[in-house]
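The next block holds one structure in the form of structure tokens; read it before the comments.
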Amino acid sequence: MPELPEVETIAQGLRLGGQGIPSLVGMKIERAHLLWERTLATPAPAEFMKRIAGQVIHAIGRRGKFLLFQLSPDTLLIHLRMSGDLIVEPAAAAVQPHHRLMLDFDNGLRLVFNDARKFGRVWLTADPQEVTAKLGPEPFDLELTAEKLHERLLTRRRLLKPLLLDQTFLAGLGNIYTDEALFLSRLHPNTPSDRLTLPHTEILLANIRQVLLEGIRHHGASIDWVYRGGDFQNYFRVYGRKGLPCPVCGTPVERILVGQRGTHFCAHCQKEEMEK
DNA sequence: ACGAGCGCCTGTCGGC
DNA sequence: TGCCGACAGGCGCTCG
């Protein structure tokens, strides 16, 4: 799915406007059209339609990979999962094949949740904490120090990569940015989490933040057939580069499975056995 | 408390 | 060319 940088890019775009599209802040939702029922996590379709009509978008934010739309009494949460995207278009435009939910505004525009694979989900709730309560810390939270991250790493006995992908451990990382952060940190994805030293954790946290910031600066990555305008895919160091030379040592990048996920790394730079 | 396996879905790509 | 499996930015579930 879109990971933190892609979700942040979308949130900023909708909040600030640009490229001919106005900011959605202040827009009033007139009515909703649900084209794929399972897109709606909660409440039931009839109640959703009734409750969202007339609500105004007051703020647009992000928590982990969730988009948050602060409405009048309620909050709308959207998770794009693998193939979801948000589009602003004229409310009169033809309905495209993968449109799943459309929110018509009272100004002739609509916000569309488009999602080819139908994995994405939408929640409308008075209390967004009901949805986001289990999420781990935000990577850019200033209160997340290397010491605190190190403590959290030591309380678990898991492979490093699956742990970093666990949204209850840290919110926002996905497959791309995890591989990139581990590469920069010279850490093997199979490293047991409780073997990380504090110095290693400092390096890891700094690199997680760096790759996420790079992603945001490039407006995210555009891969597969879902194009969102970003170009961070041109700056991947290892992700999706199986067989291509490691940018540091030239050794061909390997692809293995870790926790059922395709994982890209340099076997020379990222040794499984760390020196203590 | 872990990881494996699978389900949810559609689309693309590479190999034969 | 055409078919077919592998694979895809995610996550929740069950099962050992």
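Lettering follows sequence order; numbering is per chain, from 1.
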Side chains of A:Asn114 and A:His98, donor plus acceptor under 3.5 Å: no

Distance, rounded to the nearest Å, where A:Lys161 contributes NZ and C:dC11 contributes C1': 15 Å

Modelled atom types, side-chain donor and acceptor of A:Lys28 and A:Asn107, under 3.5 Å: no

Pair A:Phe232 and A:Tyr177, ring centroids less than 6.0 Å apart: yes

Phosphate OP1/OP2 of C:dA6: any A:Arg255 side-chain N/O under 4.0 Å: no

B:dT10 phosphate, OP1 or OP2, under 4.0 Å from A:Lys118 side-chain N/O: yes

Separation of atom CE in A:Met82 from atom C1' in C:dG12, rounded to whole Å: 14 Å

SB check A:Glu89 A:Arg110 (cutoff 4.0 Å): yes

Output a table of nitrogen or oxygen pairs between the protein and nucleotides 14-16 of chain C separated by less than 3.5 Å.
none

Distance, P atom - from B:dC6 to C:dG5, rounded to whole angstrom: 16 Å

Integer angstrom distance from the P of B:dC9 to that of C:dC3: 26 Å

Below 3.5 Å is the cut-off: list the nitrogen or oxygen pairs between protein and nucleotides 3-7 of chain B, distance only.
from: B:dG3; atom 1: OP1; to: A:Leu159; atom 2: N; distance (Å): 2.8
from: B:dG3; atom 1: OP2; to: A:Arg158; atom 2: NE; distance (Å): 2.7
from: B:dG3; atom 1: OP2; to: A:Arg158; atom 2: NH2; distance (Å): 3.2

Below 4.0 Å: OP1/OP2 of B:dC9 and any side-chain N or O of A:Arg38: yes

Short side-chain N/O contact from A:His98 to OP1 or OP2 of B:dG11, under 4.0 Å: yes

Among B:dC2, C:dG10, B:dC9, the one nearest A:Arg156 by side-chain distance: B:dC2

Under 5.5 Å and under 30°: A:Phe119 stacked on B:dC8: yes

Contiguous Watson-Crick or G-U pair runs (3 or more, under 3.5 Å) in DNA chain C: B:2-8 with C:10-16, B:10-16 with C:2-8

Below 4.0 Å: OP1/OP2 of C:dC11 and any side-chain N or O of A:His79: yes

